[in-house]
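Reading through the structure tokens given below for one structure.
Because the structure is predicted, anything quoted here is derived from the model rather than measured. Atoms within a ligand are numbered from 1 in the order they appear, just like the ligands themselves.
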Amino acid sequence: MRVDGILRVPGDKSISHRALMLGALGAGPSRVRGILQSLDVMSTASVLRALGVPVPALSDDLVMHGVGLRGLLAPTVDLDCGNSGTTTRLMAGIVAASPLAARFTGDASLSRRPMGRVARPLTQMGARFEHEAAGDGLPMTVHGGPLRGLTWHSETASAQVKSAILLAGLVGDVPAEVHEPVSTRDHTERMLLARGVDIRVDHGVVTLVPAARLDAADQLVPADPSSATFFAALAAMADTGELALDDVCVNPTRAGAFAVLRRMGARLTFEHERTEGGEPVARVVAAPGALHGAVIASDEVPSLVDELPVLACLAACANGELRVTGAGELRVKESDRITAIVSNLQAVGAEAEELPDGFIVRGTGRRPFRGHVVTHGDHRIAMAFGVLGAIPGSAIIVDDPACAAVSFPTFWQELARVVV
Ligand code: S3P
């Protein structure tokens, strides 16, 4: 297989959600350029509209008028978060601090995902959570109101939990301190700082000092490293050629997969390194190499948690073993990704084994893979196996390719374009 081309994958999903939320809470007009126009980000836009924020249709260059930290209105409809955990958990923090009640709903996958991880700290701050079904999923009603400050020791390394607490502190005008077991993506912190909020980070402890207002801001959204990794992995498993991925966010809290690709033997370099939109950005150039195994443990997982499906697929065509542990969080993503990765790798003829908190893939070199992939509607499973299926002679049928639209609507066209 030969790959060739220059790609600019769509805008970063995490930053896009936050740009809309902080734009909504800002004082005055905020401009967002390069926002990801995908289903998940549309969920955030429509939830904000239901709370009275005039969010325009998503476009490459948009201006939105913030309603300020205390300007949200009580919704008259459910807050439908679709498939998006980030929408649900971060908006739960914002609603918890607002004098209103809102009912959060979502699709079948999202409804099963644990919300107790945000409900617990936000309840301790003074909000009230009601879950309709057994467990701590959706539908869930959040009763917001006056909050008290919180110091929270997170049991799971989760940027969504950290962000929910910080946003609740911001809107509720109370101090918030989050201790993380391992540092997670820090976009919320960077974006709050850029909007005039006093937020401090010291040895894994993030502290927010109450702020009277949130400045409006211009946000340039860099290309999503999670989306870029599909194409970096594709280049790594090719026989010849190279792919250049432009404007990729290479924030160290997100760039773990690029380090693993290098450890597995791919040739990968960062060019034109610079800062854009408050984030380190580079052109990532990826090319094939002699692929071998690697070990990924808990300290590295947050920096590549969404990239593990495609790293697992890449490992199937390496010569050696990829061993991942400390990644129990994969069980509560859009699907149980440990089971989805392993059962689908087995279904297409690769050797893989489940661990309670991870998996092992025993690679047997570049060769065709054939079989049916069951995505469970999980976008990253669909795209990871799409990459594996690009190997010549492969015949991988993905049951629901359209679910890529959650984070990367143009994925299949781009894939077809760069394999030459
Ligand atoms: C995200 C955080 C991660 C990640 C998700 C996006 C964010 O989830 O998997 O895709 O934007 O904060 P967790 O916080 O559950 O680890």
Side-chain angles (χ1 to χ4, degrees), residues 10-22 35-36 38-41 43-44 47 81-94 106 109-110 112-121 136-137 152 154-167 178 180-192 206 219 221-222 224-230 249 251 253-257 279 298-311 326-338 340-341 357 378-381 383-384 403-404 406-408:
D12 185 71
K13 183 156 77 67
S14 294
I15 297 173
S16 295
H17 284 297
R18 289 160 173 79
L20 290 180
M21 293 177 195
L22 298 184
I35 198 167
L36 169 64
S38 79
L39 293 180
D40 262 12
V41 182
S43 294
T44 289
V47 163
C81 301
N83 187 247
S84 176
T86 309
T87 308
T88 316
R89 297 195 178 112
L90 272 59
M91 289 306 306
I94 292 172
S109 148
L110 182 61
R112 282 192 295 269
R113 296 180 64 187
M115 297 301 153
R117 55 182 58 196
V118 288
R120 280 188 294 278
D136 63 351
W152 188 253
S154 247
E155 63 268 38
T156 36
S158 162
Q160 294 177 354
V161 172
K162 171 178 65 178
S163 301
I165 295 169
L166 295 175
L167 292 172
V178 182
E180 297 190 284
V182 182
S183 292
T184 61
R185 66 192 66 195
D186 60 359
H187 309 301
T188 305
E189 296 91 306
R190 287 172 187 260
M191 292 172 75
L192 287 176
V206 185
Q219 179 75 48
V221 183
D224 193 320
S226 302
S227 298
T229 301
F230 292 110
C249 176
N251 177 327
T253 63
R254 297 289 302 282
E279 293 279 350
S298 57
D299 55 336
E300 206 174 14
V301 165
S303 69
L304 46 69
V305 64
D306 294 333
E307 289 69 78
L308 287 167
V310 73
L311 291 175
E329 275 295 294
L330 290 181
R331 298 226 180 256
V332 290
K333 293 292 179 189
E334 286 84 330
S335 65
D336 175 343
R337 285 187 178 156
I338 293 178
I341 287 167
D357 64 345
D378 184 334
H379 55 135
R380 298 207 193 275
I381 297 296
M383 292 187 279
C403 69
V406 156
S407 64
F408 195 164

| remark: Out of Arg89, Arg113, Arg18, Arg185, the nearest non-hydrogen contact to atom 2 (C) of ligand 1 is supplied by Arg185

Mark up the atoms of ligand 1 that fall under 4.0 Å of a heavy atom belonging to [X], in ascending order.
X	answer
Thr86	1 (C), 6 (C), 7 (C), 11 (O)
Val305	9 (O)
Ser158	13 (P), 14 (O), 15 (O), 16 (O)

Distance from [atom] to nearest protein heavy atom, with residue and atom:
atom	value
atom 1 (C) of ligand 1	Gln160 NE2, 3.5 Å
atom 4 (C) of ligand 1	Asp306 OD2, 3.3 Å
atom 8 (O) of ligand 1	Lys333 NZ, 3.1 Å

Heavy-atom pair of closest approach, residues [X] and [Y]:
X	Y	value
Val332	Pro114	CB-CD, 3.8 Å
Ala384	Phe230	N-CE2, 3.6 Å
Arg380	Asp306	CD-O, 3.1 Å
Ile338	Asp357	CD1-C, 3.8 Å
Ala159	Arg18	O-NH2, 4.1 Å

| Less than 4.0 Å between a side-chain N and a carboxylate O, is that true for Glu180 and Lys162? | yes

| request: Could you tell me whether some N/O pair between Arg380 and ligand 1 is separated by less than 3.5 angstrom? | output: no

| query | Under 3.5 Å, N or O to N or O, is Ala159 touching ligand 1 that way? | reply | yes

| said: Please check this pair: side chain of Ser38 against backbone of Val406, looking for a donor-acceptor N/O pair closer than 3.5 Å. | reply: yes

